[in-house]
Amino acid sequence: MTASRWARHLLLVCGIAILLWSGVEDNDAVAVSLLGALLALAATALWMPRASNSLASTVAAGAVFGALSSLSVFALMLFKDLRHAHAFPDYPPHMLLGMLERLPVWALAGGLAGLGCGLLLRLRRPER
């Protein structure tokens with residue numbers, strides 16, 4: 001299965017999970033963080049389907065994944081707040097802003113994880 005096809009299947013699964021999650025009364029940050037990371041993984045895989053295995057591309061993919069994780073978690077929290085429209089939202093504004101404040105740190109962490117994956121790919125592949 002190609003990476004692009006895998007990413008489309010992952011987006012479909014993510015969409016179904018978001019549909020089920022958004023109807024439940026829940027204010028736990030763990031579920032939304034996992035859904036946001038899953039959505040960011042699928043979006044990153046679609047954005048970089050056949051990137052080269054160079055170290056720079058794996059670092060860039062990791063940084064994009066980290067930044068998109070923060071943005072997608074924020075968007076999902078906002079979506080649920082707007083969908084339910086309670087007087088007291090499921091995710092208060094300080095929690096939403098806290099997710100946006102994590103964007104630089106998560107992008108850096110994703111870039112470092114991408115660097116580690118790129119180094120492991122280089123060790124696995126013999127030089128020609």
Side-chain angles (χ1 to χ4, degrees):
M1 187 181 308
T2 65
S4 177
R5 190 171 180 184
W6 174 82
R8 285 188 299 228
H9 287 280
L10 188 60
L11 273 177
L12 180 65
V13 168
C14 192
I16 292 169
I18 289 171
L19 179 69
L20 294 173
W21 164 79
S22 66
V24 177
E25 289 292 331
D26 181 32
N27 59 358
D28 186 28
V30 174
V32 70
S33 296
L34 291 174
L35 280 174
L38 187 67
L39 185 63
L41 178 67
T44 304
L46 276 177
W47 180 64
M48 304 182 87
R50 278 285 154 207
S52 66
N53 285 337
S54 71
L55 203 55
S57 68
T58 57
V59 170
V64 166
F65 169 69
L68 281 179
S69 293
S70 177
L71 291 174
S72 62
V73 170
F74 170 79
L76 287 172
M77 286 178 163
L78 185 62
F79 169 71
K80 191 166 185 180
D81 280 350
L82 294 175
R83 182 169 187 246
H84 288 218
H86 298 303
F88 298 101
D90 292 338
Y91 302 106
H94 66 81
M95 197 173 196
L96 290 169
L97 290 176
M99 281 299 154
L100 287 180
E101 288 173 351
R102 288 172 172 79
L103 189 137
V105 176
W106 284 11
L108 178 64
L112 290 173
L115 176 66
C117 289
L119 289 173
L120 286 175
L121 283 174
R122 280 192 160 203
L123 288 175
R124 194 180 117 213
R125 200 175 26 156
E127 290 294 325
R128 296 179 195 174

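These numbers come from the heavy atoms of this one structure, side chains and all, not from hydrogens, waters or symmetry mates.
In this structure, the side-chain contact (heavy atoms from CB on, under 4.5 Å) partners of Leu82, at least two apart in sequence or on a different chain, are Leu78. Every residue meeting the side-chain contact (heavy atoms from CB on, under 4.5 Å) condition with Pro92, not counting sequence neighbours, appears here in chain and number order: His94, Met95. Partners of Leu35 according to the side-chain contact (heavy atoms from CB on, under 4.5 Å) rule, which considers only residues two or more places apart in sequence or in another chain, are Ala17, Ile18, Trp21, Leu76. Partners of Leu108 under the side-chain contact (heavy atoms from CB on, under 4.5 Å) rule, at least two apart in sequence or in another chain, are Leu112.
The heavy-atom pair separating Ala42 from Ala7 by the smallest distance is O-CB, 3.8 Å. For the pair Leu55 and Leu119, the tightest heavy-atom approach, listed with the atom from each and the gap, is CD1-N, 3.7 Å. Residues Met77 and Ala29 approach most closely at CE-CB, 4.4 Å, considering heavy atoms. Ser22 and Leu19 make their closest contact through OG-O, 3.1 Å (heavy atoms, listed as atom of the first residue, atom of the second, distance).
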Test Leu39 against Leu11 for side chain to side chain contact (heavy atoms under 4.5 Å, CB included), laying out the working first. CA-CA 7 Å; Leu39 185 63; Leu11 273 177; 3.8 Å; yes
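Taking 4.5 Å as the limit, some side-chain heavy atom of His84 sits within range of a side-chain heavy atom of Asp90.
For the atom pair OH of Tyr91 and CG of Asp28, the computed distance is 6.5 Å after rounding to the nearest 0.5 Å.
Think of Ile16 as one node in a network of Ile, Leu, Val, Met, Phe, Trp and Tyr side chains linked at under 4.5 Å; its network also takes in Leu12, Leu20.
In this structure, Leu38 is not a member of the same hydrophobic cluster as Leu34, with clusters built from ILVMFWY side-chain heavy atoms closer than 4.5 Å.
The backbone N or O of Val24 lies less than 3.5 Å from a partner atom in the side chain of Lys80, making a donor-acceptor pair.
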Please output the side-chain donor-acceptor pairs of residues 59-72 that fall under 3.5 Å, not counting sequence neighbours, one pair per line with the distance.
unit_1, atom_1, unit_2, atom_2, d
Ser69, OG, Phe65, O, 2.8
Ser70, OG, Met99, O, 2.5
Ser72, OG, Gly36, O, 2.8
Ser72, OG, Leu68, O, 2.8
Ser72, OG, Ser69, O, 3.1

